[in-house]
Enquirer: 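Can you read through this structure? Questions will come right after.
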Amino acid sequence: ELNVSRTPVREAFIHLAEESLLKIMPQRGTYVARINLGHVQESIFLRGKMEHAVMELACAAPFSTEVMEQLQRSLIQQRFFLQQEDFISFFEQDRVFHGMIYEACQKGRIWKMLVQNSQNYNRVRMLSLLNGDFEMSKLIEQHEEIVEAIAKSDWNRGAKVIDRHTHKVIPDLEKLEEKYPDYFEE
């Protein structure tokens with residue numbers, strides 16, 4: 001017994017349902033929602049377009065030394081979490097890393113919107129990790145390339161790494177759909 005009234009629990013369930021994480025079926029029950037493939041594809045599309053635009057901005061106007069140092073510290077933390085096999089903290093630091101870039105380009109609100117609309121995308125990333133398909137060391141390498149491209153104002157290199165980075169989940173998604181068909185819906 002948690003000694004929690006029904007109202008905050010109901011409100012939390014409604015919020016999770018709005019984010020497509022729960023499916024509430026009146027008179028039948030509440031269930032974890034299947035991963036919506038359409039939402040995942042939309043997240044990949046939107047994130048790819050926004051990451052491209054932000055990379056272009058980042059390469060056009062050099063970041064301050066302070067921002068570059070923050071990005072380097074983030075990379076150090078990502079490596080640490082990878083060594084510790086602390087995958088939840090790694091993914092949180094991944095969000096912080098990208099958020100810093102958006103903030104440095106004065107696009108922080110756009111990043112928050114992307115995060116809010118990426119629940120199904122993030123579920124695929126976590127399932128891929130649990131399935132042993134997610135190569136976090138590759139993500140760190142790509143993050144290092146992103147920082148290097150920004151430091152050198154190298155838009156061409158930045159665009160190439162962003163393409164690889166944002167589309168990494170697509171082959172994983174295909175494998176996961178095949179292995180766990182009951183986890184997904186169109």
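None of these values were measured; they are calculated from a predicted model.
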Enquirer: Any salt bridge linking R79 with E144? Criterion: basic side-chain nitrogen under 4.0 Å from a carboxylate oxygen.
Expert: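 Answer for the salt bridge query: yes.
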Enquirer: Does a donor on one side chain and an acceptor on the other come within less than 3.5 Å for E51 and H165?
Expert: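 No donor-acceptor contact under 3.5 Å links the two side chains.
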Enquirer: Would you call E141-K138 a salt bridge at under 4.0 Å N-O?
Expert: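 No, no charged N to carboxylate O under 4.0 Å.
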Enquirer: S74 vs Q78, test: side-chain hydrogen bond (donor to acceptor under 3.5 Å, both in side chains). Steps then yes/no.
Expert: CA-CA 6 Å; S74 176; Q78 290 173 45; 3.1 Å; yes
Enquirer: Are the charged groups of R125 and D172 less than 4.0 angstrom apart, N to O?
Expert: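 Not counted as a salt bridge, because no side-chain N and carboxylate O are separated by less than 4.0 Å.
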Enquirer: Any salt bridge between K160 and E145, counting N to O under 4.0 Å?
Expert: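 No salt bridge links K160 with E145.
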Enquirer: Within the side chain of N122, is there an N or O that forms a donor-acceptor pair under 3.5 Å with the backbone of S118?
Expert: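 Yes, the answer is positive, given that a donor and an acceptor are paired below the 3.5 Å cut-off.
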Enquirer: Through direct or indirect side-chain contacts below 4.5 angstrom among Ile, Leu, Val, Met, Phe, Trp and Tyr, which residues connect to I14?
Expert: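 In the cluster with I14 there is nothing else; it is isolated.
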Enquirer: Linking Ile, Leu, Val, Met, Phe, Trp and Tyr by side-chain heavy atoms under 4.5 Å, what else ends up with Y31?
Expert: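 Members other than Y31 - counting any ILVMFWY side chain reachable under 4.5 Å - are M25.
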Enquirer: What pairs with D154 under side-chain hydrogen bond (donor to acceptor under 3.5 Å, both in side chains), at least two apart in sequence or on another chain?
Expert: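 With sequence neighbours excluded, D154 shows a side-chain hydrogen bond (donor to acceptor under 3.5 Å, both in side chains) to no residue whatsoever.
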Enquirer: Should we say atom CZ of F80 is surrounded by more than 12 heavy atoms from elsewhere, each under 6.0 Å from it?
Expert: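 No, because the 6.0 Å sphere around CZ of F80 holds 12 heavy atoms or fewer from other groups.
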Enquirer: Ignoring hydrogens and geometry beyond distance, is a side-chain donor-acceptor pair present between E19 and H15 at under 3.5 Å?
Expert: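 Looking only at side-chain atoms, H15 and E19 do form a donor-acceptor pair, the distance falling under 3.5 Å.
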Enquirer: N117 and H39: side-chain donor and acceptor closer than 3.5 Å?
Expert: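 Note: N117 and H39 side chains miss the donor-acceptor criterion.
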Enquirer: Working note: S137 + L82, criterion side chain to side chain contact (heavy atoms under 4.5 Å, CB included); need CA distance, chi angles, decisive distance, verdict.
Expert: CA-CA 7 Å; S137 59; L82 177 60; 4.0 Å; yes
Enquirer: Once side chain to side chain donor-acceptor pair (under 3.5 Å) is applied, what residue pairs with a partner in residues 62-72 remain, sequence neighbours excluded?
Expert: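 Applying side chain to side chain donor-acceptor pair (under 3.5 Å) to every pair that reaches into residues 62-72, excluding sequence neighbours, yields nothing.
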Enquirer: According to side-chain hydrogen bond (donor to acceptor under 3.5 Å, both in side chains), who are the partners of R34, at least two apart in sequence or on a separate chain?
Expert: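 Once residues adjacent in sequence are excluded, R34 has no partner under the side-chain hydrogen bond (donor to acceptor under 3.5 Å, both in side chains) criterion.
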Enquirer: If you measure from CZ on F87 to CE on M136, what distance do you get to the nearest 0.5 Å?
Expert: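 One finds 4.0 Å between CZ of F87 and CE of M136.
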Enquirer: Kindly give the cluster partners of L114, where membership spreads through any ILVMFWY side chain lying under 4.5 Å from a current member.
Expert: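 In the cluster with L114 are L46, M50, V54, M55, F63, V67, M68, L71, L75, V96, F97, M100, I101, Y102, I110, W111, V115, I146, V147, I150, W155, V161, I162.
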